[in-house]
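Inspection log for the structure reproduced underneath, given as structure tokens.
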Amino acid sequence: MTAAVLTKPTPFVATDGKTHLSYELLTTSSLPTSTSLRLDRVEVRDARTHRVVGSLSGRALARAANPVGDPLPGADGYTPAPPAPTPTVIRGSQQWIIWLDLVLDRGRPAPKVLEHRLSGAILTPSGPSAFEETVQPTRTAGRPPLDLDPPVRPGTWYASESCCGNTHHRRGLAPINGRFYVPQRFAIDWYRVGDHGQTWEGDPARLSSYLSYRQPIVASAGGTVVEVQDGIPDNTPPLTPPIPPIEDTVGNHVTVEVAPGRYLLYAHMKPGSLKVREGDRVETGQLLGLIGNSGNSTTPHLHYQVMTTAHFFPTDSPPFTFRHFRVVGQVEPRIWDDNLGLQPTGVLPITPSPYDGPHRAQYPLDREVLEF
């Protein structure tokens, strides 16, 4: 097998207090099309000590691997994913992607170089023939994640579609200009939450019913505005609009360069609300515009992420952290952009989180509710 890593793995600390590494291993079977292999185990090791820092096998491997081009099972937000087929069988010449979300032991630093050990069997007419290969030594990033202020004003906010589960952001593989990217790997969709856990009140077919709509978007770090798009109308909720042209995917938006090779994207803004122009210098906390429902958006929210380029396509999506916030709960079912307005009520089923309390310099995990 051959393998390629789609990003430089960057260690980050999440609200569980542990160090995470989330990245992808793109594998290609070099066998002829008439021959398949059974992938039994994937191990990630410290290349220096060969200590195993993470492994996948059985059902866990099946849930974390899929052929390139296959639809993402269970990612529609309505139904759970069907049981993944086991064992994981890869046909000859087929490409598969393995979604690696490693959680390191508390207090243990991330290795400087990772190696990947793949083991299983080649399935031949005469019976299985065992194989074991070490592929793709990979250096982890020495550059720490950006530590940022919030992109919204103080209040209670629901962090949807953040890392590290089976979400459109985390598992959104995109072929762009002849290469594979995961351009939204660590993106978060932010929804304003009211005093009673509600995200909308009244008629969910009205934009004004959503507490997020017209909420201020503020610069979470100082920098220079490098891209502005305005004039795209808001969509009418709660039905999913047609997929827009690729250049309108993030709708009205502002992109700010905050460090060399690091850009902050604030997307799906209300048309006519943008307060900055290309070339402007902005300071932390400065008003950029208002939350809207433009672009590939069904219900009003702020799509927010770090990018490695000034443009959404193509880009890579590195992790980031927030300086201060408090976790106040979690939402167990996956309620997101496309199904938020289709719920019986606008009240989120918020339950206590094992990570309730104050946090510093950490990344919010998927479906956490927090206070800035």
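Along the sequence shown, the residues carry numbers beginning at 1. The structure displayed is predicted, hence computed values, not measured ones.
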Say whether, by atom type as modelled, one donor and one acceptor occur between the side chain of [X] and the main chain of [Y] under 3.5 angstrom.
| X | Y | result |
| --- | --- | --- |
| Thr309 | Pro314 | yes |
| Thr138 | Gln136 | yes |
| Arg106 | Asp16 | yes |
| Asn235 | Gly295 | yes |
| Thr140 | Pro9 | no |
| Gln198 | His196 | yes |
| Thr249 | Asn296 | no |
| Asn293 | Thr299 | yes |
| His169 | Ala187 | yes |
| Gln362 | His359 | no |

Compare every heavy atom of Leu290 with every heavy atom of Pro216, then report the nearest pair and how far apart it is.
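Scanning both residues completely, I find the closest heavy atoms to be CA-CD2, 3.9 Å.
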
If you look at every heavy atom in Ile350 and Gly329, which pair is closest and at what distance?
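Closest approach of Ile350 to Gly329, heavy atoms only: CG2-CA, 4.0 Å.
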
Side-chain ion pair, [X] and [Y], N-O less than 4.0 Å:
| X | Y | value |
| --- | --- | --- |
| Asp149 | Arg323 | yes |
| Arg117 | Glu132 | yes |
| Glu24 | Arg171 | no |
| Arg185 | Asp316 | yes |
| Arg170 | Asp101 | yes |

Which class fits the ring pair Tyr191 and His301: parallel under 30°, tilted 30 to 60°, perpendicular over 60°?
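The arrangement is parallel - the two ring planes meet at less than 30°.
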
Evaluate Leu265 against His303 for side chain to side chain contact (heavy atoms under 4.5 Å, CB included), listing each step before the verdict.
CA-CA 8 Å; Leu265 172 66; His303 174 103; 4.0 Å; yes

Give the cluster check for Tyr304 versus Tyr213: same hydrophobic cluster or not, with ILVMFWY residues linked at side-chain heavy-atom distances below 4.5 Å.
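Each belongs to a different hydrophobic cluster.
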
How about [X] and [Y]: does a side-chain donor come under 3.5 Å of a side-chain acceptor?
| X | Y | result |
| --- | --- | --- |
| Ser317 | Gln184 | no |
| Asn66 | Trp99 | yes |
| Trp96 | Gln94 | yes |
| Asp338 | Thr298 | yes |
| Asp147 | Thr321 | yes |
| Gln286 | Glu283 | no |
| Arg45 | His50 | no |

Phe322 and Tyr363 aromatic centres sub-6.0 Å:
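Centroid distance Phe322-Tyr363: not below 6.0 Å, so no.
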
Does the ring centre of Phe12 sit less than 6.0 Å away from the ring centre of Phe186?
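When the ring centroids of Phe186 and Phe12 are compared, they turn out to be within the sub-6.0 Å range.
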
Rounded to the nearest 0.5 Å, what separates atom [atom1] in [X] from atom [atom2] in [Y]?
| X | Y | atom1 | atom2 | result |
| --- | --- | --- | --- | --- |
| Leu61 | Thr88 | CG | OG1 | 4.0 Å |
| Ile122 | Met1 | CD1 | CE | 10.0 Å |
| Thr27 | Leu39 | OG1 | CG | 7.0 Å |

Derivation of the ring pair (Phe, Tyr, Trp, His ring centres under 6.0 Å) call for Tyr23 and His116:
CA-CA 12 Å; Tyr23 62 103; His116 302 82; 5.8 Å; yes

Verify ring pair (Phe, Tyr, Trp, His ring centres under 6.0 Å) between Phe372 and Trp190, making sure each step is shown before the conclusion.
CA-CA 12 Å; Phe372 282 124; Trp190 292 103; 5.4 Å; yes

